[in-house]
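Structure first, then comments.
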Amino acid sequence: MPNREDFNDDEVKIAYSIARGVARGDLTRSAGNRLIIEKLGAKPYTAAQFTEAYPAMLDGILYKKTLSDLAVNIYVEAITAEHGLAKRVLALQAVLRNIEFWEKNESERLGRRAFRKSQRALYQMLLAATPLNVVYPDDVVGSKTYSEGAVTQVLVNRYERDPDARAAAIAHYGCRCCACGFDFEAKYGELGRGFIHVHHIVDLATIGAEYQVDPIKDLRPVCPNCHAMLHTDKPAMDISVLRDLIAATIRRPDAVR
Ligand SMILES: [Zn+2]
Ligand SMILES: [Zn+2]
């Protein structure tokens, strides 16, 4: 069989299941690569793409050998079906890391730019098809630290992400946490100025198509710790409930301050 790179769905799925076998330790990576070369007529480099990407996607880390758009699509959907939404989020993070790595490091050879653009569009599409707010929605204002974290971006609920609504909520409530009073600027100085999550207090399940976010009524600035605590419940806990919990904990004589 001649070396090929234009694989169809079924062939990519074969490569996927071999890559999964490698990740599980059923066979070594080089044996997996050989099997892909044998079954698909793939080039060694292409076979290595398939076996490198799978474990990286499960961990949300960078893989350097880029998959085709078709393979990215199949891998992300298969990982979702097999391991659930949290792993889908990690897989998408790995895809984004690959795209960003090559956008930074690739010479402007003809065609590659267009390829990255198409893969980025695919990434956006897969991201848009990811039900949000499942782990917990996150948002950060004025943050450089988090701007590259795909997971953070993925988990943002769109009402919490809307920059105008967020700005209006912060203008009204300030940058202190509405639950515990934490103030990033007071703690971290210049570095913490303007840093806060924004929590959307309306249960997404109750929102209809015509819903318009009301920043004052529906959004509250909260620190990331309290934000995570609020989302330990589904729908999210009331901020007043969390406030009472914090107060009760602080009143305990053995409480650690
Ligand atoms: Zn807080
Ligand atoms: Zn929230």
Side-chain angles (χ1 to χ4, degrees), residues 60 84-90 92-93 127-252 254-257:
L85 206 58
K87 288 293 185 189
R88 178 190 183 88
V89 169
L90 288 175
L92 285 171
Q93 180 174 304
L127 187 61
T130 305
L132 301 182
N133 204 14
V134 168
V135 183
Y136 65 85
D138 254 345
D139 208 3
V140 173
V141 169
S143 159
K144 294 180 189 82
T145 325
Y146 279 70
S147 62
E148 289 181 359
V151 168
T152 310
Q153 287 167 16
V154 167
L155 299 175
V156 169
N157 137 352
R158 70 190 174 100
Y159 302 106
E160 297 180 347
R161 190 176 49 199
D162 181 316
D164 293 337
R166 195 171 60 188
I170 290 166
H172 185 80
Y173 293 106
C175 260
R176 293 166 69 97
C177 174
C178 281
C180 75
F182 193 86
D183 181 337
F184 278 86
E185 190 178 355
K187 180 78 175 179
Y188 300 107
E190 187 60 25
L191 182 66
R193 181 177 298 165
F195 185 99
I196 196 77
H197 279 205
V198 171
H199 174 57
H200 182 244
I201 61 177
V202 183
D203 182 16
L204 287 180
T206 67
I207 289 175
E210 73 296 333
Y211 171 76
Q212 265 283 79
V213 66
D214 178 337
I216 314 296
K217 231 173 81 214
D218 301 345
L219 299 178
R220 295 290 184 283
V222 290
C223 76
N225 284 346
C226 290
H227 201 186
M229 291 300 105
L230 291 172
H231 283 283
T232 55
D233 221 336
K234 216 173 172 340
M237 189 188 300
D238 238 65
I239 291 182
S240 65
V241 173
L242 184 62
R243 224 182 274 135
D244 290 346
L245 276 175
I246 294 169
T249 308
I250 288 174
R251 273 198 304 273
R252 263 178 23 219
D254 57 342
V256 179
R257 297 289 186 95

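We count ligands from 1, going down the list as the structure has it; atoms in each ligand are counted the same way. Computation of the quantities below employed the complete heavy-atom set of this structure, encompassing side-chain atoms and omitting hydrogens, waters and symmetry-equivalent molecules.
- His199 and His227 have perpendicular rings, their planes meeting at more than 60° on a 0 to 90° scale where under 30° would count as parallel.
- With a cut-off of 2.8 Å, the protein N/O/S atoms near the Zn ion (ligand 1) add up to 4.
- Here Leu219 contributes atom CG and Cys178 contributes atom SG; the two are 10.5 Å apart, rounded to the nearest 0.5 Å.
- Note on His231: its N/O/S atom closest to the Zn ion (ligand 2) is NE2.
- In summary, His197 places no N/O/S atom under 2.8 Å from the Zn ion (ligand 2), failing the contact criterion.
- The line from NE2 of His197 to CG of Asn225 is 9.0 Å long, rounded to the nearest 0.5 Å.
- Note that the CD1 atom of Ile201 and the CG atom of Asp238 stand 7.5 Å from one another [nearest 0.5 Å].
- Between Phe184 and Phe182, the ring-plane angle classifies as perpendicular under the 30° and 60° cut-offs.
- Minimum-distance N/O/S atom of His199 relative to the Zn ion (ligand 2): ND1.
- Within the model, atoms CZ of Arg243 and CD1 of Ile246 stand 8.5 Å from one another, a figure rounded to the nearest 0.5 Å.
- Scanning for side-chain contact (heavy atoms from CB on, under 4.5 Å) contacts around Asp183 gives Arg176, Glu185, Ala186, with sequence neighbours left out.
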